[in-house]
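Structure first, commentary second.
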Amino acid sequence: MIVSDHGTEFTCNAMLAWCKDADIDWHFIAPGKPMQNGFIESFNGRMRDELLNETLFFDLDDARTKIANWVPTTISSGLTRR
């Protein structure tokens, strides 16, 4: 299952069709209630602030490498990376 807000990047027909083809359930949080998905909202904010806003990606392989090597500050705060 994927849980997300109602952002346009998550409600487009391509994403919805992919979920159907991949047999993935998609659950939308209530509009205006980001804390219903607080962990990922926090992660997204950290990734945006610590990686995406600070990093120049030269191509898709470079982006994949840099993202794979990124360790969010929450890791050093005691959360375990999978």
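Predicted model only: the values in this text are computed from it and were never measured.
- A distance of 9.5 Å separates CZ of Arg64 from CG of Asp59, quoted to the nearest 0.5 Å.
- Note on Ile67 and Phe43: same hydrophobic cluster, where clusters join Ile, Leu, Val, Met, Phe, Trp and Tyr whose side-chain heavy atoms are under 4.5 Å apart, directly or indirectly.
- Asp62 and Leu56 get closest at one heavy-atom pair: OD2-O, 3.7 Å.
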Open item on the list: Would Trp70 and Phe57 count as a ring-ring contact (aromatic ring centres under 6.0 Å, His included) here? Give the steps.
Closed with: CA-CA 13 Å; Trp70 173 66; Phe57 301 107; over 10 Å; no
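- Cluster membership check: Met15 shares its hydrophobic cluster with Ile24, using side-chain heavy-atom separations under 4.5 Å among Ile, Leu, Val, Met, Phe, Trp and Tyr.
- Evaluation of the salt bridge (charged side-chain N to carboxylate O under 4.0 Å, His left out) rule for Asp49 yields no partner, not counting sequence neighbours.
- Here OG1 of Thr65 is found 9.5 Å from CG of Leu60. Values are rounded to the nearest 0.5 Å.
- The distance from the NZ atom of Lys20 to the CG atom of Asn13 is 11.5 Å, given to the nearest 0.5 Å.
- Val3 and Phe28 sit in two unconnected hydrophobic clusters of ILVMFWY residues. Membership requires side-chain heavy atoms under 4.5 Å apart, directly or through other members.
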